[in-house]
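Only one structure is covered here, and it is reproduced in the block below.
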Amino acid sequence: MKNFGYTIQRDQSIDIDQNDRRIVNYLLSLEPSFNLCLGCGSCTGTCTAGHFVDFNIRRVHTLLRRGESKQLKTEMKKCMFCGKCQLVCPRGVNLRNLIITIQRAIEQIG
Amino acid sequence: MECQLGNQKPPLFLNFTEMKKRIIIIGGGIAGMTVAGALPSNEFDIILIEKEILPGGHVAKWDRLFPSRRPAKEVLDFVQKSMAKNVVIKTGSTITTIHRDQNLFTLHLNGEEPIVGDAVVLATGFDLFDARKKEEYGYGIYNNVITSEELEQIFHEGKKLTTSEGKTPQRIGIIHCVGSRDEKVGNLYCSKVCCVTGVKQAIEIKEMLPECEIFSFYMDLRMYDRNFEELYYEAQQKWGINFIRGRLSECAENPGHSLIIKTEDTLTGHPLKMTVDMIILLVGFVPSPETKRIARMLDLQTGQDGFLLSSDEHYNDNSTSVPGVFLTGAVKGPACIVNTIADARATALQIERFLITGISE
Ligand SMILES: Cc1cc2nc3c(=O)[nH]c(=O)nc-3n(C[C@H](O)[C@H](O)[C@H](O)COP(=O)(O)OP(=O)(O)OC[C@H]3O[C@@H](n4cnc5c(N)ncnc54)[C@H](O)[C@@H]3O)c2cc1C
Ligand code: SF4
Ligand code: SF4
Ligand code: SF4
C-alpha cells in the first residue's frame, strides 16, 4: 500500500481525567504555597537557567499541576538552584522548596 | 394626626433654632469636598480641613480622566462649586490630636484654637506606592524609569515626553501592578484603577508620539467598569498597543541609559527580554501613615490591607465602630472618582441621619 506519510497522532490535549496527579498532590501536601501561584511568569522571566537553555520553570510547574509529568526528570536537571525565582514571586511561593520536593518525588518514583 | 413615615415618627426635637451641629471633614480631596457639598449647609456648621495649601487631593494632579478622557479639572471644578459659601475650608492645617469625649470630638490643629464638633468624617484618601521599594524595577536608580503619577504630571503641564537625555522615546514599556498584588511588598490587594490608567496613558502617549511603540506588561487586565473594556479595544484597534501577559521580573540599564527588561511571555511560554527607552510604573494605592495615625487616636479599625474598616461592607459602609465617625472615599481602599462621589453622597445622608436621630448605622 502506498505510504502517504500519515501516522495516528497521540491526542495532544491535557487530559485531566487520565492524568496522574499524585505528584502534584504530594507536592501540595509538602509545599502548600504552591497553591498560590497566579501564573505571572516572574519566576521564568528572571530564571538564570532559562535564559541559556530551553527551560521554563513556570511552564514545568504549571504542567505538573495538570498532572503532566513527561520529561520532568530531564527538565528539572536544568535548574541551578540559584533561588532567584523565589525572590521575585509576588505570591510568595516557596519555589526553592518546591523544586527540591519535585526532585525528591522524581527520585522516589524512579 | 401625626404624619407617619412607615412605622417611624418624624423626630419631634428637630428644631433649627437650637445651636447648629458641627461636622468636621478631614481631607479636602474629591471625597471630602463632595461630602461638604452634599450636606445642607443651612442646617449644619461644616468645616473642611485640608493639610495641603490647595484642596483637590490626587485628582488635582491628573490631566484627563479615564475612560472618557475629559479634563480632570472639569470634575474638580464641579465638586468645588457644589460647596456652599458658608463651608469653612481650612487649608495648610495639620491635626496634632483628636479625641472623643461623650458625644463631642475635639481637634487640635497646629497652632490654632481647638475645634469641637458633633461628627467627624475621615476623607484622607490614600498615598501612592513608593516605587523605590521595588528595587528590581530600578526606580530612583535609573533615570528612565518613571511612575504613572509623573507621566500624568507631564501631560498636565503640557510638556513633551522625552527620555532623561532629552530624546524622543521610540519604545516604552508600561508596567502593571507595581506595589499591588505583591506579597513581597506586603500588598495583596489590587489597586483597581491602574489597569485602565495604563491603557489610557498608552493611548495618550501614542497621541503625542505616534511613532513610539508601546508594550504593556500585565498579569490580568481588570477592565471592570463601564467603557473600560471599550478603551482597551480602542488601544488595540486604533493605536496598536502591544499587550504582553507577563509580570516584569527585572529591569537593568544599558550603556546609553536605555533599559533592558525581562519577563515571561506567558502566552507563548517563553522568557522574553527587550530594550525600551523608558518604562512607566503603574503605582498602586497604599494606606497613608497620616490616616493610620488619626485612626489610632479615634480607635478605628483597619482591615488586613491597612485601609480603614466601616461598620458593614454592605449596609453601613460609611459609619464606623465609633458613633459619629464616618469614612468616605479612598480611605477605605482603591476607588475611582465615580465610586468616590457616590460614596461621599451616601456619607452625607448617613451623617444627616445620625445628627438628627442619633442613629449612626
Ligand atoms: C495614577 C492615577 C490616576 C488616576 N486617574 C483617575 C481617573 O482618570 N479617573 C478616576 O475616576 N479616578 C482616577 N484615579 C483615582 C482617583 O485619584 C481617586 O478616586 C480619588 O483621588 C479619591 O479621592 P479621595 O478624596 O478619596 O482621596 P485623595 O485624592 O487622596 O484626597 C485626600 C485628601 O485628603 C488630604 N489629607 C490627607 N491626610 C490629611 C490630614 N491628616 N489632614 C488633612 N487633610 C488630609 C490630602 O491632602 C488630600 O487632599 C487615579 C488614581 C491614580 C493613582
Ligand atoms: S532556582 Fe532554578 S528555576 Fe529558580 S531561577 Fe534559579 S535556575 Fe531558575
Ligand atoms: S513567580 Fe510565583 S506566582 Fe508567578 S508564575 Fe512563578 S510561582 Fe507562580
Ligand atoms: S488594576 Fe490592574 S495594574 Fe492595578 S493592581 Fe489591579 S491588576 Fe494590577
Side-chain angles (χ1 to χ4, degrees), chain A residues 12-14 31-72 74-76 78-99, chain B residues 129 131 133-138 173 175-191 194-195 215-222 243-252 259-276 279 281-284 304:
Chain A
Q12 290 298 307
S13 55
I14 293 173
E31 190 42 71
S33 72
F34 187 22
N35 260 325
L36 300 175
C37 172
L38 48 51
C40 70
S42 298
C43 45
T44 292
T46 203
C47 175
T48 321
H51 280 277
F52 297 110
V53 294
D54 181 19
F55 172 57
N56 180 337
I57 181 65
R58 201 263 320 142
R59 200 173 124 83
V60 169
H61 67 63
T62 308
L63 281 171
L64 206 52
R65 280 194 80 92
R66 312 282 186 263
E68 296 273 320
S69 48
K70 281 186 293 302
Q71 283 158 6
L72 188 61
T74 44
E75 279 301 300
M76 290 314 292
K78 299 174 185 166
C79 168
M80 294 149 53
F81 287 108
C82 67
K84 269 180 83 185
C85 47
Q86 189 170 337
L87 287 179
V88 297
C89 175
R91 278 296 182 88
V93 177
N94 187 338
L95 279 145
R96 263 182 83 92
N97 191 40
L98 182 70
I99 293 165
Chain B
F129 175 75
K133 289 187 183 156
K134 280 220 71 74
E135 215 174 307
E136 64 268 37
Y137 290 180
I175 314 301
H176 286 240
C177 304
V178 179
S180 314
R181 305 181 68 194
D182 186 354
E183 77 119 60
K184 289 273 148 55
V185 297
N187 302 335
L188 272 185
Y189 54 85
C190 160
S191 286
C194 17
C195 269
F215 292 82
S216 277
F217 295 92
Y218 69 97
M219 296 199 271
D220 303 282
L221 282 175
R222 299 197 160 163
F243 289 91
I244 297 182
R245 190 188 175 280
R247 179 178 170 277
L248 184 67
S249 301
E250 56 187 83
C251 169
L259 303 162
I260 176 125
I261 55 178
K262 284 184 186 171
T263 181
E264 182 196 353
D265 179 357
T266 59
L267 299 183
T268 63
H270 290 289
L272 179 150
K273 59 181 173 190
M274 71 184 293
T275 305
V276 290
I279 59 173
L281 307 180
L282 296 173
V283 284
Q304 278 202 328

Compare every heavy atom of B/Arg245 with every heavy atom of A/Leu38, then report the nearest pair and how far apart it is.
O-NH2, 3.4 Å
Please report the closest heavy-atom contact between B/Arg247 and A/Val88, naming both atoms and the distance.
NH1-O, 3.2 Å
Could you give the distance from NZ (B/Lys262) to OG1 (A/Thr44), rounded to the nearest 0.5 Å?
12.5 Å
Within 6.0 Å of CZ in A/Arg59, more than 12 heavy atoms from elsewhere
no
Please identify, among A/Cys40, A/Cys43, A/Gly39, the residue contributing the most non-hydrogen atom pairs under 4.5 Å to chain B.
A/Cys40
Part of A/Cys89 within contact of chain B (heavy atom distance under 4.5 Å)
both
Side chain to side chain, A/His51 and B/Pro271, heavy atoms closer than 4.5 Å:
yes
Tested for side-chain contact (heavy atoms from CB on, under 4.5 Å) against B/Ser249, the lone hit among A/Cys85, A/Cys47, A/Ser42 is A/Ser42
Heavy-atom cut-off 4.5 Å, strictly under: side chain, backbone, both or neither for A/Leu87 against chain B?
backbone
Heavy-atom cut-off 4.5 Å, strictly under: side chain, backbone, both or neither for B/Thr266 against chain A?
both
Provide the closest heavy-atom pair for A/Arg58 versus B/Gly269 in the form atom of the first, atom of the second, distance.
NH2-CA, 3.9 Å
Please report the shortest heavy-atom distance between B/Glu183 and A/Arg91, naming the atom on each side.
CG-C, 3.6 Å
With a 4.5 angstrom heavy-atom cut-off, is it the side chain or the backbone of B/Leu248 that approaches chain A, or both, or neither?
backbone
Answer key: most heavy-atom pairs under 4.5 Å with chain A among B/Lys273, B/Met219, B/Glu136, B/Glu250 is B/Glu250
